[in-house]
Chemist: 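So that we are looking at the same thing, I have put the structure below in structure tokens.
Just the heavy atoms: all of them, side chains too, but no hydrogens, waters or symmetry mates, feed the values below. Letters go in sequence order (proteins before strands), and every chain restarts at 1.
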There are 2 protein chains.
Amino acid sequence: MQPKRNTWQREAVRASLAEAHGFVSAQQLHQVLRDSGSTIGLATVYRNLASLADTGEADSLQSPEGENLFRSCATQGHHHHLICRSCGDTKELSATVVEEWTQRVGAEYGFTEIEHVVDLFGLCERCRAAGRE
Amino acid sequence: MQPKRNTWQREAVRASLAEAHGFVSAQQLHQVLRDSGSTIGLATVYRNLASLADTGEADSLQSPEGENLFRSCATQGHHHHLICRSCGDTKELSATVVEEWTQRVGAEYGFTEIEHVVDLFGLCERCRAAGRE
DNA sequence: TTTCTAAATGAGAACGAGTATCACTATAGC
DNA sequence: GCTATAGTGATACTCGTTCTCATTTAGAAA
């Protein structure tokens, strides 16, 4: 649900999320905020991230480890992600091919109300060059 | 890692997994086994599911709630799933289109070692007919 | 068959992400 | 400024999963 009041905490979460390069977890964001002197609480970070995701201001996805990750959302509408598993840097992808395939396969098996999870994890050029993994 | 010994516990997990119709959680499987009189431990169920997934005998995926789900694997090799969100019934899909797209997009952005998560959730014909959701 | 040893197990403790609770704080409308 | 209540924050809690470690046991060797 949309919040009815603006608080500095909500603004801090929004700002901190915008500064992050890729997807970050609530815990990471909380740590960054605390490290920079904020007294914001963990629960508040969770609450605000959830509501930002709810309004479409932020994207959220599950990491392979099952953690919820958030990102300040650049592109409007449905899209997918290509995420560097080392530095978290993210490209937003539109994927007509995938959408079409999704619908076709769903229909073929008589499934309706298809939702799809399509995310790519890889190693970006910079991280590969730096020998990270 | 592959286990070096065969135990009745491992066999029980394998059998119970094969009997389940769709994806099940470790906890569910443990409950089923205990209910049928087994004294198997929860940790053992987790261990064996993980190793079955490791050897390719079982498929695993994350539910939208972040739980790890497992399924006795019918098809060899890489494939995706179309899962009924009501009854858990699952179709295995091969998706050359998606694999190609994955590689192309990865290369385009200079990403390497691309892993992809592609799973479809929908409502199967039977469940739709039954008015479930 | 008996013996031996490390792999595997099981009970429960520990862990970590996320949620709920609830007294307190501070925003926004008056 | 005053007030009602949305929002906050410390912390307790839930729940899935992993770890620990004493005990059991598969399977090789004698």
Chemist: Parallel, tilted or perpendicular: which one describes the rings of A:H116 and A:H80, with boundaries at 30° and 60°?
Modeler: tilted
Chemist: B:E67 CD to D:dG16 P: how many Å, rounded?
Modeler: 5 Å
Chemist: Once rounded to the nearest 0.5 Å, what's the spacing between atom CD1 of A:I40 and atom NE2 of A:H30?
Modeler: 7.0 Å
Chemist: Figure out the CG/C1' separation between A:L52 and D:dG7, and round it to whole Å.
Modeler: 14 Å
Chemist: Are B:D59 and B:H81 linked by a side-chain donor-acceptor pair shorter than 3.5 Å?
Modeler: yes
Chemist: Check the distance between C:dG16's P and A:N68's CG and give it to me in whole angstrom.
Modeler: 17 Å
Chemist: Between atom NE2 in A:H30 and atom P in C:dA17, what is the gap in whole Å?
Modeler: 13 Å
Chemist: Using whole Å, report how far OH of B:Y46 lies from C1' of C:dC15.
Modeler: 13 Å
Chemist: What's A:T39 touching, base or sugar-phosphate or nothing? Going by heavy atoms closer than 4.0 Å.
Modeler: sugar-phosphate
Chemist: When rounded to the nearest 0.5 angstrom, what is the spacing between SG in A:C124 and CG in A:D89?
Modeler: 5.5 Å
Chemist: Please give me the minimum heavy-atom distance between A:F111 and B:I83, naming the atom from each residue.
Modeler: CE2-C, 3.8 Å
Chemist: For D:dA10, does OP1 or OP2 lie under 4.0 Å from any side-chain N or O of A:R34?
Modeler: yes
Chemist: For A:T44 and for B:S25, find the nucleotide of DNA chain D with the closest heavy atom, then tell me which residue's nucleotide is more 5'.
Modeler: A:T44
Chemist: Do B:T44 and B:R10 pair up side chain to side chain, a donor and an acceptor below 3.5 Å, judged on atom types alone?
Modeler: no
Chemist: Atom CD in B:Q31, atom OG in B:S16: separation rounded to 0.5 Å?
Modeler: 11.0 Å
Chemist: Kindly point out which of C:dG12, C:dA17, C:dT9 is positioned nearest to the side chain of B:N48?
Modeler: C:dT9
Chemist: What is the bend of the helix from C:dT1-D:dA30 to C:dC30-D:dG1 when you compare the axis at one end with the axis at the other, using five pairs each and rounding to 10°?
Modeler: 30°
Chemist: What is the distance, rounded to the nearest whole Å, between atom CD of B:E11 and atom P of C:dA8?
Modeler: 14 Å
Chemist: Let me know the distance between CG of B:L42 and C1' of D:dT20, rounded to the nearest Å.
Modeler: 15 Å
Chemist: Salt bridge or not for A:E57 and A:R71, using N-O below 4.0 Å?
Modeler: no
Chemist: State whether the distance check finds a donor on one side and an acceptor on the other, under 3.5 Å, for side chain B:R47 versus base C:dG10.
Modeler: yes
Chemist: Take the protein atom CZ of B:F70 and the nucleotide atom C1' of D:dT17, then report the distance between them rounded to whole Å.
Modeler: 10 Å
Chemist: Look up atom CG in B:L29 and atom CG in B:L69, then write down how far apart they are to the nearest 0.5 Å.
Modeler: 11.0 Å
Chemist: Counting side-chain heavy atoms from C-beta on, which of C:dA11, D:dT8, D:dA10 comes nearest to A:A43?
Modeler: D:dA10
Chemist: Would you tabulate the nitrogen or oxygen pairs shorter than 3.5 Å linking the protein to nucleotides 26-30 of chain C?
Modeler:
{"unit_1": "C:dT27", "atom_1": "O2", "unit_2": "A:R5", "atom_2": "NH1", "d": "2.9"}
{"unit_1": "C:dT27", "atom_1": "O2", "unit_2": "A:R5", "atom_2": "NH2", "d": "3.3"}
{"unit_1": "C:dA28", "atom_1": "OP1", "unit_2": "A:N6", "atom_2": "N", "d": "2.9"}

